[in-house]
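Since the structure comes first, as structure tokens, the remarks are kept for the end.
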There are 2 protein chains.
Amino acid sequence: MNASPRRKELTRLAAQLFVQEGFDRTTVRMLAQEMGIKSGSLFHHFKDKHEILAAVIEEGTQNALNIAQQALDDCGRDPEVRLRTMARAHLETLFADRNAHVVALFEWRRLDPSASAHLRHLRDAYEALWVDVIDDALRAGILHGDRFLVARFVLGALNWTVRWYDPHGARTPDELADELVAMLLPNADTTNV
Amino acid sequence: MNASPRRKELTRLAAQLFVQEGFDRTTVRMLAQEMGIKSGSLFHHFKDKHEILAAVIEEGTQNALNIAQQALDDCGRDPEVRLRTMARAHLETLFADRNAHVVALFEWRRLDPSASAHLRHLRDAYEALWVDVIDDALRAGILHGDRFLVARFVLGALNWTVRWYDPHGARTPDELADELVAMLLPNADTTNV
DNA sequence: GTCTATAGCGCGATAGAC
DNA sequence: GTCTATCGCGCTATAGAC
């Protein structure tokens with residue numbers, strides 16, 4: 001869609017507010033103030049408030065997809081390494097890149113139906129990446145269970161970290177990802193990472 | 001607090017709407033209609049909209065605590081069984097009992113600070129139950145990792161099921177709980193449940 | 001305990017000047 | 001591309017009759 005640098009910047013600021021306050025409680029006046037303009041001017045860039053949300057979610061999901069794909073391309077073929085790579089990439093987009101991916105996960109239901117239909121393929125592509133990696137791990141015998149269930153349980157564990165994890169606390173996001181993988185693959189040699 | 005049967009019933013109806021629409025998008029007019037009264041009458045039972053949320057969350061957390069505690073009391077001392085029991089109890093309060101516990105998990109941040117402070121001990125008690133069970137599993141050597149991290153990962157995986165699991169689909173909530181435990185304890189004999 | 005009526009406010013969005 | 005000004009609506013909550 002429209003991807004002017006200005007609009008990109010506004011989308012980035014919107015993502016921050018949507019994470020802090022939630023979409024419903026974020027007003028167009030708050031968004032405008034954060035962007036240094038008046039609320040009326042916002043509607044020159046976006047046709048309505050929901051289009052801002054769609055832009056944030058598209059950005060967040062696309063970014064997660066790009067980062068995960070890139071990381072997978074660079075990490076070799078070992079199933080355990082690939083699993084750890086995906087977990088790290090996921091937490092990186094949630095906590096380092098920040099905001100847009102969190103909004104995509106937690107405000108998806110606020111999308112209007114047409115935007116949701118348009119963005120579903122992006123989300124599905126990201127989930128497909130995960131199912132592939134899980135599948136490799138299942139075939140290698142280092143994980144067990146139904147591929148879709150395992151993928152959703154692992155993603156759930158990762159997504160929920162948004163609610164309790166402090167990225168500036170004792171553990172880095174990478175360490176947190178490694179702890180999750182270590183819990184799932186107790187027999188692997190992960191003590192000397 | 002005030003726990004008249006009438007208020008209990010209204011709280012139950014409110015929980016349903018809060019899950020369907022989210023707290024912010026649920027209006028007092030919608031709540032009143034669902035309860036068969038006019039919106040002004042609502043404020044005879046609750047001093048404001050936030051007090052309704054606090055009542056729902058208290059109900060949901062207390063109920064989760066009661067059910068989990070009861071289930072643990074009845075299930076013996078085997079660490080694996082206790083873990084499975086907790087997972088089943090958690091999904092039962094999310095999908096069978098329905099609604100109030102879901103609201104407690106997903107709308108906690110909408111509580112005003114005083115209500116949040118007042119209810120924190122309930123949530124902590126429930127989490128403490130989980131950490132105890134996880135601790136037993138760690139000491140028995142059937143799970144590995146940091147007690148708090150493992151508890152939060154497992155709870156995250158369970159909580160996120162609200163976003164994708166259909167309790168009327170192919171798997172019952174109990175089966176889903178068992179699948180999660182089977183993923184975590186791959187060496188246990190769970191094939192003949 | 002529920003009603004009617006409405007106060008008072010903040011919201012999303014628009015119009016037209018610059 | 002941003003401004004000022006404002007419309008029209010729906011929201012939470014209140015007041016007072018019944």
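So you know, we letter chains A, B, ... as the sequences are listed, proteins then strands, and number each from 1.
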Categorize Ser4(A) for me: base, sugar-phosphate, or nothing, with a 4.0 angstrom heavy-atom threshold over every strand shown. nothing
Please report the distance, rounded to the nearest Å, between CD1 in Ile52(B) and C1' in dC11(D). 14 Å
What is the distance from CZ of Arg6(A) to C1' of dT2(D), rounded to the nearest Å? 10 Å
For Asp112(A), is there any backbone N or O sitting under 3.5 Å from a side-chain donor or acceptor partner on Ser116(A)? no
How close or far is atom C1' of dG10(D) from atom CZ of Arg25(B), stated in whole angstroms? 13 Å
For Glu9(B) and dG1(C), give me the distance from atom CD to atom P, rounded to whole Å. 15 Å
Only one of Asn159(A), Leu155(A), Thr93(A) forms a side chain to side chain contact (heavy atoms under 4.5 Å, CB included) with Leu105(A), so which one is it? Asn159(A)
What's the NE2-P distance between His44(B) and dG16(D), to the nearest Å? 18 Å
Closest of dT4(C), dG1(D), dA13(C) to the Lys49(A) side chain is dA13(C)
Can you find a donor-acceptor pair, distance only, under 3.5 Å between Arg29(A) side chain and dG12(C) base? yes
Ser41(B) side-chain N/O to dG1(C) phosphate OP1/OP2 under 4.0 Å: no
Distance check needed: dT12(D) P versus Phe46(B) CZ, whole Å only. 15 Å
Measure from the side chain of Lys38(A), starting at C-beta and using heavy atoms only, and say which of dT12(D), dC3(D), dC3(C) lies closest. dC3(D)
Please report whether the ring centroid of Tyr126(A) lies less than 6.0 Å from that of His101(A). yes
Ser41(A) side chain to Ile37(A) backbone, donor-acceptor under 3.5 Å: no
In whole angstroms, how far is the C1' atom of dG12(C) from the CG atom of Leu42(A)? 11 Å
Does the ring center of Trp160(B) lie less than 6.0 Å from the ring center of Phe106(A)? yes
Please report the distance, rounded to the nearest Å, between CG in Leu53(A) and C1' in dG12(C). 15 Å
The side chain of His45(B) lies closest to which of these nucleotides: dG1(D), dT2(C), dG12(C)? dT2(C)
Checking dC3(D), dG12(C), dT2(C) against the side chain of Val28(A) (C-beta onward), the nearest is dG12(C)
Please tell me which of the listed nucleotides, dT14(D), dC3(D), dC3(C), lies nearest to the side chain of Ile37(B)? dC3(C)
